[in-house]
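Here's the structure, in structure tokens; my notes come after.
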Amino acid sequence: MSMEPEATPSVPSAPAGSTAELMEQILYQVKRVVVGQDRFLERVMVAVLAGGHLLVEGVPGLAKTLTVKTLADAIRGQFKRIQFTPDLVPADLVGTRIYNQKTGDFSTSLGPVFANLLLADEINRAPAKVQSALLEVMQERQVTIAGETHRVPRPFLVMATQNPIETEGTYPLPEAQVDRFMMKVLVDYPTDEEEFVIVQRVIGPALEATPVATIDQLAALQAEARQVYVDPSLIQYAVRLVSATRTPDRHGLKDMRRFITYGASPRASINLTEGARALALLRGRSYALPEDMTDLVPDVLRHRVTLSYEGLSEGLTPDSLVERIMRAVPPPAKPLEHEKLVA
């Protein structure tokens, strides 16, 4: 999770023009510092490539902050961290106007949201007005202060964390804000073997990631992710999955309607498609396969499915309902376009 006892491994050569080599070197640098958490790191990279935001839920001490900071170091990006507390005000996030008594003029002081990678730590500990201050910047990539618009740096990623074990003094996130997160990722404890390596690194010499890419190169990777081919049947599959969260009876799940109050919005279909593109690129392909999308379905849908009181009383979870939907809505079976071309 942090530092390594052995000698510093040799750093790879400067990034080549190859997309795969560049992403491999970025991941290599993060893994020099962070132990395990492969699935979480993969989701972070998918969010970065797809230009989406990430909501992370996990107990303290699982390297959530370290992962994002190390990634920022590897891509020479600007990293900011905000610790959300009940006394936080919106100006603490986005900035404010400051009056200069000497000149009699107002100047704008920009807040910590002006960064490439923003970590909103324990976002549910701040009241709704502070959480809502992130809405404009997450969706529009800009902040309005005193009628003046300021654009945040690009690329821009918000990673918000929640602590699932301490709910006293927390505020539920508004649905409008939750929907703006591309994925909600659940981070679990490391294995015994991983924890052994974590302890070794923490008690050993300090080790930091070496910058291997630039923000411009990362922007180029994002543009390349948008060029990944997605077959129309795969987009239809995403739409059917999302539609099943709203009207499960139309997809052979009549008994499930009473368990869901609200289903996912069209943002879910968009995020599934964009996420499949990014994951395909991360896996070294220029086309998306059904497994690229199915791997991301729980992460994209779990925070967008609102359970009814009946569903909560029966002990159901969004994940269990999403699993039932995935069983009822099969992925496309017809050949994708690239397979036709090969044939």
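Note that this is a predicted model, so its numbers are computed, not measured. This chain uses plain numbering: 1 for the first residue, then up along the sequence.
- In this structure, F84 and N124 have side chains that are not in contact, with every pair of non-hydrogen atoms separated by 4.5 Å or more.
- At a threshold of 4.0 Å, the pair E274-R277 counts as salt-bridged, since one of the basic side-chain nitrogens sits closer than that to a carboxylate oxygen.
- A salt bridge does not link R302 to E57: none of the charged nitrogens lies less than 4.0 Å from a carboxylate oxygen.
- No more than 12 heavy atoms of other residues, nucleotides or ligands shown are found within 6.0 angstrom of CD on E24.
- R81 CZ to K69 NZ: the interatomic distance, rounded to the nearest 0.5 Å, is 11.5 Å.
- Summarising the geometry of V230 relative to A288, their closest heavy-atom pair is CG2-CB, 4.2 Å, with the distance given to 0.1 Å.
- Counting heavy atoms from C-beta outward, L41 and K31 have side chains that approach closer than 4.5 Å.
- By the 6.0 Å and 45° rule, R240 does not stack over the aromatic ring of Y237.
- Between I325 and P248, every side-chain heavy-atom pair lies at or beyond the 4.5 Å cut-off.
- Atoms CD1 and OG1, from I123 and T161 in turn, are 8.5 Å apart once rounded to the nearest 0.5 Å.
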Begin with the C-alpha distance, continue with both residues' side-chain angles, and end with the deciding distance and a verdict on side chain to side chain contact (heavy atoms under 4.5 Å, CB included) for I270 and T273. CA-CA 5 Å; I270 296 170; T273 307; 6.0 Å; no
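- Hydrophobic clustering of Ile, Leu, Val, Met, Phe, Trp and Tyr side chains at less than 4.5 Å, counting indirect connections, unites V56 with Y189.
- Side chain of H303 to main chain of L55: no donor-acceptor pair is present (N/O by atom type, distance under 3.5 Å, no hydrogens or angles).
- Side chain to side chain, T214 and D216 fail the donor-acceptor criterion of an N or O pair below 3.5 Å.
- Both V322 and L312 are members of a single hydrophobic cluster when ILVMFWY side chains are connected at heavy-atom separations under 4.5 Å.
- For the atom pair L281 CG and E224 CD, the distance stands at 5.5 Å (nearest 0.5 Å).
- From L117, atom CG reaches atom CG of L71 across 5.5 Å, with rounding to the nearest 0.5 Å.
- The OG1 atom of T67 sits 5.0 Å away from the CZ atom of F40 when rounded to the nearest 0.5 Å.
- With hydrogens and angles disregarded, a donor-acceptor distance shorter than 3.5 Å links the side chain of T294 to the backbone of P290.
- At a threshold of 4.5 Å between non-hydrogen side-chain atoms, the residues V242 and L301 count as touching.
- Between I26 and V212, the closest side-chain pair of non-hydrogen atoms falls below 4.5 Å.
- Side-chain contact between L234 and D292 is absent, with no heavy atoms from C-beta onward closer than 4.5 Å.
- Taking every heavy atom of both residues into account, I82 and P112 meet most closely at CD1-CG, 3.6 Å.
- Linking ILVMFWY side-chain heavy atoms closer than 4.5 Å, directly or via other members, places L186 and L296 in two distinct hydrophobic clusters.
- In this structure, the side chains of D255 and R324 come closer than 4.5 Å at one or more pairs of heavy atoms.
- Considering CD of E310 and CZ of R258, their distance stands at 4.5 Å, rounded to 0.5 Å.
- For K80 against A115, the heavy-atom pair with the smallest separation is CG-CB, 3.4 Å.
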Quick one, Q222 with R226, criterion side chain to side chain contact (heavy atoms under 4.5 Å, CB included). Give me CA distance, side-chain angles, the key distance, then yes/no. CA-CA 7 Å; Q222 289 182 328; R226 295 190 67 86; 6.0 Å; no
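- No side-chain donor from either of T317 and D319 sits under 3.5 Å from a side-chain acceptor of the other.
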If you look only at distance, which donor and acceptor atoms sit under 3.5 Å apart when one is on a side chain in residues 44-54 and the other is two or more places apart or in another chain?
| unit_1 | atom_1 | unit_2 | atom_2 | d |
| --- | --- | --- | --- | --- |
| H53 | ND1 | V158 | N | 3.0 |
| H53 | NE2 | M138 | O | 2.8 |
| H53 | NE2 | R141 | NH1 | 3.4 |

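- Here the closest heavy-atom approach between residue A264 and residue T245 is recorded as N-OG1, 2.9 Å.
- Each of Y262 and V178 belongs to its own hydrophobic cluster when Ile, Leu, Val, Met, Phe, Trp and Tyr are linked at side-chain heavy-atom distances under 4.5 angstrom.
- Across A280 and V228, no two heavy atoms sit closer than the pair CB-CG1, 4.1 Å.
- Side-chain atoms of T247 come within 3.5 Å of backbone N or O of S243 as a donor-acceptor pair.
- Taking each heavy atom of T70 and V30 in turn, the nearest pair found is CG2-CA, 3.7 Å.
- For the pair D73/V33, no side-chain contact is recorded, criterion being any heavy-atom separation below 4.5 Å from C-beta on.
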Can you list the steps and then say if E42 with L279 is a side chain to side chain contact (heavy atoms under 4.5 Å, CB included)? CA-CA 8 Å; E42 183 180 64; L279 192 54; 3.6 Å; yes
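- Under a hydrophobic-cluster definition in which Ile, Leu, Val, Met, Phe, Trp and Tyr are linked whenever side-chain heavy atoms come within less than 4.5 Å, directly or via other members, L110 and L118 are assigned to the same cluster.
- More than 12 non-hydrogen atoms from other residues, nucleotides or ligands lie less than 6.0 angstrom from CZ of R257.
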Derivation of the side chain to side chain contact (heavy atoms under 4.5 Å, CB included) call for I75 and I215: CA-CA 6 Å; I75 62 173; I215 290 299; 4.2 Å; yes
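- Looking at R250, its side chain never comes within 3.5 Å of a backbone N or O of A244 through a donor-acceptor pair.
- Applying the side-chain hydrogen bond (donor to acceptor under 3.5 Å, both in side chains) criterion to R304, with sequence neighbours excluded, gives D179, N271.
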